[in-house]
Amino acid sequence: MDFLQELNSTQQIAVTHTEGPALIIAGAGAGKTRVLTYRIAQLLSQGAPAYRILALTFTNKAAREMQKRIADLIGGEMAANLWMGTFHSIFAKILRMEAEQLGYTSSYTIYDTQDSRNLLKAIIKEMNLDDKVYKPNVVQGRISMAKNNLVTPAAYLQNARILEEDKAMKRPLTGEIYRRYQQRCKQSDTMDFDDLLLETNILFRDHPETLAKYQQKFSHILVDEYQDTNYSQYLIIRKLSEAHRNICVVGDDAQSIYSFRGARIENILNFRNDYPDYKLYKLEQNYRSTTTIVDAANCVIGKNQGQIPKHIFSKNEEGEKIKVLHALSDKEEGFQVTNELFRLAQTKQLDYSSFAILYRTNAQSRVLEEALRRRNIPYKIYGGQSFYQRKEVKDLLAYFRLTVNQNDEEAFKRIINYPRRGIGDSTVEKLQEIASAYHAGLWTVICNLERVGSQFNSGTLGKLQKFGTLIEQFKTLASEENAYDAAVAIARQSGIIDELKNDDTPEGISRKENIEELLNGIKEFCETAYKEGQNDRLPAFLEGVALLTDQDNEKEGDQDKVTLMTIHASKGLEFPVVFISGLEEELFPAQQSTQTAAGLEEERRLFYVALTRAEKQVILSYANTRYRNGQITYPRPSRFIEEIAAEYLDGYIPLRSAPSGFKLRNATPQASPQPRQPITIQRAKAVDIPPIDRTRLQPVDANRVVPDMIIYHPTFGAGKVIGIEGLGTQKKAKVAFAEGGIRVLLLKFAKIYTQAD
DNA sequence: CTCTTCCAGCTTTTT
DNA sequence: GCTGGAAGAG
C-alpha cells in the first residue's frame with residue numbers, strides 16, 4: 001500500500017501487524033490518530049469488511065475526524081459502514097436492537113446528567129430524606145461510580161464494604177435510593193449515560209448467544225484513548241474481543257486525565273496480563289512540537305511516579321522559550337494575554353486560528369473573553385453550557401422525547417406545565433402518588449383518568465385530559481411525518497413558539513434563535529437521511545441527539561478565531577501557539593486534587609497535556625489576585641511553573657530569589673498560604689503615603705484617577721496623585737512616587753492600581 | 001396556581 | 001457572580 005510510505009518505521013510496523021492483540025503507546029504528537037486510521041485502512045485493503053470493524057473513541061469529534069480521514073484514504077462509502085463512534089453511541093445502538101432482552105423497548109430514551117439528578121432529587125424527597133445530607137450530586141456520583149464498576153443495585157445492597165462506607169458518610173440509605181432510581185428508570189424506559197455501558201455488560205453477561213453474535217461479528221476491534229476507559233468499558237472490550245483476539249488499543253498513560261469519572265489508568269498498564277501474547281509498539285517521536293516544548297513537558301511529567309517507560313523526543317527546531325506572564329489581577333492577566341497574542345499575531349504573521357487560550361476551569365473564560373472583546377480579537381469558545389443543555393432546547397427535546405416514549409418520566413415532568421397550562425406542583429404530586437400506588441408511571445395515570453379522575457377537581461381533570469390528547473396527537477404526527485415537519489408542528493402546537501414569541505429581551509431573542517437552530521438541525525438531519533435512504537423520522541433523530549454534545553457544531557465563520565477552551569477539552573488538538581492561563585496554586589493544580597498524590601499526578605498530567613498541545617510556542621500566565629465565586633483570592637504561582645527547568649523558561653523569577661524591594665513578584669515564600677500576612681510597603685519619607693497592602697491591589701480605570709489618590713504602579717511602586725492634566729485619551733496624571741520622584745503618566749497606557757477597600 | 005424575591009451552593013474536568 | 005430552588009404573597 002502506498003500510503004505506508006507516509007509513516008515512520010515504528011508506525012509502519014504498528015499499522016501492518018493487524019492480527020492478534022496489540023498495545024500502542026503513543027506519546028503526545030506522535031501520530032496516534034494517523035496510526036489508527038492507517039491501520040483501519042490497511043484492514044480494509046486486506047479485505048476485511050467495514051461492518052466487521054469496531055473502532056471506539058471518546059468523543060464524537062474524534063470519531064468523525066477519523067471517519068473523514070479514512071474516507072479520504074479509501075473512499076467514503078466504505079468508511080460509512082465502519083462501526084465507528086463513541087462507546088456510548090455504539091452501545092446505545094446495540095442496546096436499541098437488543099432492548100427487549102433487557103426489559104426495555106427499542107425506543108428507550110436517554111437521561112442526561114441533569115435528568116438523572118432531577119430524578120434523584122424527586123426520590124430523595126419521596127423518601128423524606130434530608131437533601132442536605134443526601135446531596136443529590138453526591139448520591140449521583142456514588143451511583144455513577146457503582147455503575148462504572150458494574151455494581152447493580154442488588155449487588156450494592158449486598159456489598160458490606162460499600163454499605164459500611166455509606167454508613168460512615170452518614171448516608172446509609174444511598175443503596176435504597178439507587179435501587180429506586182434504577183427501578184424508576186426501567187419503568188420510564190430510560191437509561192442514563194452509565195446505564196448504556198452497564199446494560200451492555202448485563203446483556204453480554206446474561207445472554208451468551210447475543211454476546212457470541214457480536215463476538216463473531218466484530219473481527220477487529222480498535223480502541224482510542226485506552227487510558228481513559230473505565231471498568232465497564234474495559235470489560236465490554238475484553239468480552240467482545242475474546243473470539244477473534246484482534247484487539248488493538250492505543251493510548252498514553254501520561255495523558256490520562258479522566259479518573260474523576262471512573263477512568264482506570266490500570267487498564268492500559270494491565271493489558272499485558274490480559275493478553276500475554278500481545279505486541280507492544282511505542283511511538284516516541286513527537287512530530288508536533290519544538291524540542292523546547294517536548295523537553296519542558298518531559299521535565300513536568302518526569303515528576304510523576306509509575307509510568308510506562310518511554311522516551312518522547314522531537315527532532316524539530318529548538319524554538320522559542322516558554323514565556324511566563326505575571327499579572328496583578330485576573331483582569332490584567334486577560335489584558336496581558338491578549339496583548340501578547342496580538343503582538344505575536346502581528347510580528348509572526350499568524351492567523352487568529354493559530355492561537356488557543358487554555359484554562360483549568362470554565363469560570364476563567366469570562367475575563368479572557370472580555371479582554372479579547374475589548375481588543376476586537378475574534379474568538380470561539382468551547383464548552384461551558386452546551387447547546388443541548390439550554391433550557392429552551394431541552395424543553396423542546398423533552399416534547400420529542402415524550403412523543404417517542406410516553407413513559408419518560410423526566411420529560412413528562414419537565415413539560416406537563418410548560419408552557420403554563422395550569423397544572424401545578426400539587427397536581428403533579430398527586431399524579432405521582434396515584435402512579436406509585438399502582439406501581440405505574442405518570443403517563444399510565446393520564447391514560448386512565450376516567451378510573452382515577454375523581455381525585456381531581458373537574459378543571460384540573462380537563463387540563464390533564466387535554467395534555468394527554470396533545471401528546472397523543474404528537475405521537476400520530478411523528479409516525480406520519482418526517483422529523484422536521486413533526487418537530488415544527490410540535491414546537492407550534494405545544495405553545496413553545498407562542499411562549500417565546502412575545503419575549504423581546506436579548507435572552508428571549510437568543511432563545512428563539514436556539515429553537516430555530518435546533519429545528520434547522522433537524523431539517524438537515526432529514527435531508528441527509530432522505531438522501532442516504534435512511535430513516536428520517538423523529539425517533540431516529542432523537543437517538544442521535546441524546547449523545548451529542550456541542551464541540552461538534554462547528555459554526556460557519558469560525559475559521560479565523562482564537563480558540564478558548566478547558567485543557568480537558570483540548571486533548572487531541574494542536575495549535576501553533578498555546579496560552580495556558582491561571583497557573584496558580586489552588587486553581588491549577590486544583591485545590592481539591594492536591595489532597596492525594598494520585599490527584600496531584602493527574603493534575604500534572606493535565607499540565608502535560610496542555611503543554612503538548614503547542615507546536616511552536618507556549619505562554620504561561622498567572623495573576624496575584626483573582627475573583628473566585630464572587631470573592632477575591634490571593635493565589636501563589638503554581639508549583640508547575642517551577643517544575644519546568646529554568647533553561648526552557650523566559651520571564652519567570654522563582655519566588656525565593658525575588659528581590660525583597662519593589663518588584664511585583666512580591667510574595668515571599670510561605671510554608672502555608674494561611675493565615676495570610678498582608679504584604680505592606682514601607683511608609684515613604686518624601687511623600688506622605690500610607691502603607692499599601694499589595695495583596696489587595698486592583699486595576700483602576702483612567703477616568704477614576706483623581707488628585708490625592710494613592711496609587712500603585714508596576715514599575716515605580718506606590719505614589720500619590722498630585723495633579724491631572726489633559727482630557728480623554730490625552731489625560732495624564734502627575735504622580736509623586738515614594739521612591740521614584742515625580743512622574744507624569746499618560747493614563748491611556750499606564751497600568752495603575754489602587755487598593756481595594 | 002403563579003409570580004416575585006431571597007438565599008445557598010457552586011467551580012475541576014464530560015459521555 | 002450566577003443559577004436554581006425555596007418561601008411567601010397575591
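No hydrogens, no waters, no symmetry mates; every other heavy atom, side chains included, goes into these values. Order of the sequence lines fixes the chain letters, A, B, ..., with proteins taken first and strands second; residue numbering starts at 1 for each chain.
In the model, A/Ser256 has no side-chain atom that pairs as donor or acceptor with a side-chain atom of A/Glu602 under 3.5 Å. One side chain, A/Asn405 or A/Thr109, offers a donor N or O that lies under 3.5 Å from an acceptor on the other.
Residues that satisfy the side-chain hydrogen bond (donor to acceptor under 3.5 Å, both in side chains) test with A/Asn230, not counting sequence neighbours, are A/Asn148.
You won't find any donor-acceptor pair under 3.5 Å spanning the side chain of A/Thr113 and the base of B/dT14, going by distance alone.
Contact check, A/Lys132 against B/dA8: no side-chain N or O comes under 4.0 Å of OP1 or OP2. Residue A/Asn362 has no polar side-chain atom (N or O) positioned under 4.0 Å from OP1 or OP2 of B/dT11. In this structure, A/Arg628 does not reach the C/dG1 phosphate: none of its side-chain N or O atoms is under 4.0 Å from OP1 or OP2. Considering only side-chain N and O atoms, A/Asn137 lies nowhere under 4.0 angstrom from the phosphate OP1 or OP2 of B/dG9. Of the side-chain N and O atoms in A/Thr361, none sit less than 4.0 angstrom from OP1 or OP2 of B/dC10. Residue A/Thr427 places at least one side-chain N or O closer than 4.0 Å to OP1 or OP2 of B/dC1.
Between A/Phe87 and A/Phe193, the gap from one ring centroid to the other reaches at least 6.0 Å.
Residue ring and base: A/Phe87 does not count as stacked with B/dT15 (centre distance below 5.5 Å and interplanar angle below 30° not both satisfied).
Ring geometry, A/Tyr214 versus A/Phe204: the interplanar angle falls from 30° to 60°, so the pair is classed tilted.
Counting non-hydrogen atoms under 4.0 angstrom, A/Phe58 reaches the backbone sugars and phosphates but no base. In this structure, A/Lys121 reaches the sugar-phosphate backbone alone: every heavy-atom distance under 4.0 Å involves primed, P, OP1 or OP2 atoms, never a base. Looking at heavy-atom distances under 4.0 Å, A/Glu603 makes contact with a base. Among the heavy atoms of the strands lying under 4.0 Å from A/Tyr258 are primed sugar atoms or P, OP1, OP2 only; no base atom is included.
The pair A/Lys303-A/Glu601 does not count as a salt bridge, with every side-chain nitrogen at least 4.0 angstrom from each carboxylate oxygen. The pair A/Asp252-A/Lys32 does not meet the salt-bridge criterion, since no charged nitrogen lies less than 4.0 angstrom from a carboxylate oxygen.
Taking atom CD of residue A/Gln591 and atom C1' of nucleotide B/dC10, one finds them 14 Å apart after rounding to whole Å. Distance, A/Asp228 CG to B/dT14 P: 12 Å, rounded to whole Å. As rounded to whole Å, 8 Å separates atom P of B/dC1 from atom CG of A/Asn417. The nearest whole Å value for the distance from the CG atom in A/Asn118 to the P atom in C/dG5 is 7 Å. Put simply, CZ on A/Phe607 is 19 Å from P on B/dT13, counting in whole angstrom units.
Where A/Thr86 and A/Val428 each meet DNA chain B at their nearest nucleotide, the meeting point lying more 5' is that of A/Val428.
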Any protein N or O atoms within reach of nucleotides 4-7 of chain B? Criterion: under 3.5 Å, listing atom names and distances.
none

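Of the candidate nucleotides B/dT14, B/dT15, C/dC2, B/dT15 has the atom lying nearest to any side-chain atom of A/Thr59.
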